[in-house]
Asker: 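Following this message is one structure expressed as structure tokens.
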Amino acid sequence: MKPEDAHGSPGAPRDSRGIGTRLAHTARDPAANRGFVNTPIHRGSTVLFKTLDELEAAMTANTRTGPYTYGLIGNPNSRELERMLASLDGAAGAVVVESGLAAVSVALFSALVAGDHLLMTDSCYGPTRYLCTQVLAKLGVETTFYDPRAGAAIESLIRPNTRVVFMESPGSLTFEIQDVPAIARICRARGIISIIDSTWATPLFFRPIEHGVDLVIHALTKYQSGNSDILLGAVTCADDAWWKRVKTAAEAHGHYAHPDDCMTCLRGMRSLEVRVARHQESALEVARWLESRAEVVRVLHPALPSHADHALWRLDFTGSTGLFGCVLRAHPKGRAHTKAFLEGLRYFGMGFSWGGFESLIVASDIRGWRIAPAFADAASNEGTLLRLSIGLEDPRDLIADLAQALEGAARA
Ligand SMILES: Cc1ncc(COP(=O)(O)O)c(C=O)c1O
């Protein structure tokens with residue numbers, strides 16, 4: 001395949017420029033857009049051809065570099081975003097779809113067939129678990145949920161028909177760090193496909209393809225877009241053959257990324273480095289403060305030395321983002337205490353998703369659906385498992401808010 005640009009294309013030399021420079025200068029072409037810095041939004045379904053020859057040639061051309069054929073297959077905005085994502089991950093290519101969950105689904109559908117066995121981390125995002133138990137199971141794919149801390153011991157779970165190992169690190173809600181290089185090595189040696197949901201780290205802090213992973217999922221809804229105003233997802237692919245398989249699966253299922261959303265996401269990504277640096281700093285400040293509070297049993301933040309997998313996190317990650325957990329000590333008033341605390345917060349909204357400019361908090365009870373009950377039970381029996389997404393507010397205000405809500409809940 002012919003390289004499409006000097007960065008992130010198959011076989012291209014590693015980009016040595018700083019991340020801010022790459023975020024500012026990759027995937028845009030003012031000369032092709034009458035000098036405008038950003039590429040205009042190309043809405044549309046139909047693409048017109050002047051001749052039958054052109055139409056027929058387009059139908060067999062590469063859908064990443066060749067002429068556009070139909071809105072569903074790609075447009076200048078989706079291709080630009082894909083170029084940026086591939087560049088950041090050191091991937092051969094990327095496929096953008098309408099949500100992070102669609103990216104999980106398209107990656108799994110591109111890799112699995114009836115009769116296959118899937119090893120899925122027990123710490124996966126809830127709807128990923130649902131996809132396995134409610135959809136893949138009906139299509140003849142059997143899933144085994146494994147302990148995210150298994151590391152190389154995952155080898156003992158591999159069966160002759162194991163086709164995919166799916167990781168997510170840190171894990172959803174419980175923040176376990178997986179030994180991604182060890183698992184990826186075993187997968188390569190055994191001819192098994194490795195996939196990771198790497199939404200938490202963003203490509204700024206962890207690049208799984210460099211550790212031997214085949215497919216990487218990013219929910220662009222979170223930090224890349226950064227404003228809680230769109231849904232979008234992507235799969236980045238280690239090699240060209242995988243890119244073709246994922247792209248084919250996306251087209252076959254009718255997955256699509258709207259050009260407005262691609263443009264919105266790319267706009268968000270220009271400032272990704274500075275935003276994530278602030279999320280990181282503020283989250284660490286809030287997490288350290290929570291650690292000092294008697295109402296908190298423990299904080300689940302991989303960048304804190306108190307985290308069980310901190311050493312592993314230090315080996316593979318170059319930073320942390322704004323999402324972490326904590327366990328609020330069990331209170332005699334139970335749910336009423338949790339309710340008073342959550343409803344007493346001024347700046348933390350109660351709601352799903354994360355990675356936006358505004359801070360969020362949710363409480364979860366994971367008992368009953370995790371296979372690694374030791375941790376799930378401990379976390380839930382000790383108290384209320386909380387997940388905090390630290391936004392771009394002044395961390396001093398966030399800490400003051402948490403303090404007044406904790407004090408208010410104690411009085412309630
Ligand atoms: C780890 C993780 N992966 C994937 C997703 C799905 O992303 P989306 O909401 O864009 O479908 C989420 C959403 O919260 C998530 O937390």
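Values below: every heavy atom of this structure, side chains too, minus hydrogens, waters and symmetry copies. One-based numbering, in listed order, for ligands and for the atoms of each.
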Asker: With a 4.0 Å cut-off, would you call Asp122 and Arg129 a salt bridge?
Answerer: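 Salt bridge present between Asp122 and Arg129.
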Asker: Within 45 degrees of the ring normal and closer than 6.0 Å to the centroid, is that where the cationic atom of Arg370 sits relative to Phe145?
Answerer: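 Geometry flag: not set, cation outside 6.0 Å or 45°.
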Asker: As a test of reading the model: which N/O atoms of the protein lie under 3.5 Å from N/O atoms of ligand 1, and at what distance?
Answerer:
from	atom 1	to	atom 2	distance (Å)
ligand 1	3 (N)	Asp197	OD2	2.6
ligand 1	9 (O)	Lys222	NZ	3.4
ligand 1	10 (O)	Gly100	N	2.7
ligand 1	10 (O)	Thr221	OG1	2.5
ligand 1	11 (O)	Gly100	N	3.2
ligand 1	11 (O)	Leu101	N	2.9
ligand 1	14 (O)	Lys222	NZ	2.8
ligand 1	16 (O)	Trp354	NE1	2.9

Asker: With the threshold set at 4.0 Å, does a side-chain nitrogen-carboxylate oxygen contact exist between Arg190 and Glu155?
Answerer: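 Result for this pair is yes, salt bridge flagged.
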Asker: Are Glu142 and Arg159 close enough for a salt bridge, meaning some N to O gap below 4.0 Å?
Answerer: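 Salt bridge present between Glu142 and Arg159.
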Asker: Any chance you could lay out the side chain to side chain donor-acceptor pair (under 3.5 Å) test for Asp197 and Thr199, step after step, and finish with the verdict?
Answerer: CA-CA 6 Å; Asp197 183 332; Thr199 299; 2.7 Å; yes
Asker: Provide the closest heavy-atom pair for Gly391 versus Ser359 in the form atom of the first, atom of the second, distance.
Answerer: N-OG, 2.8 Å
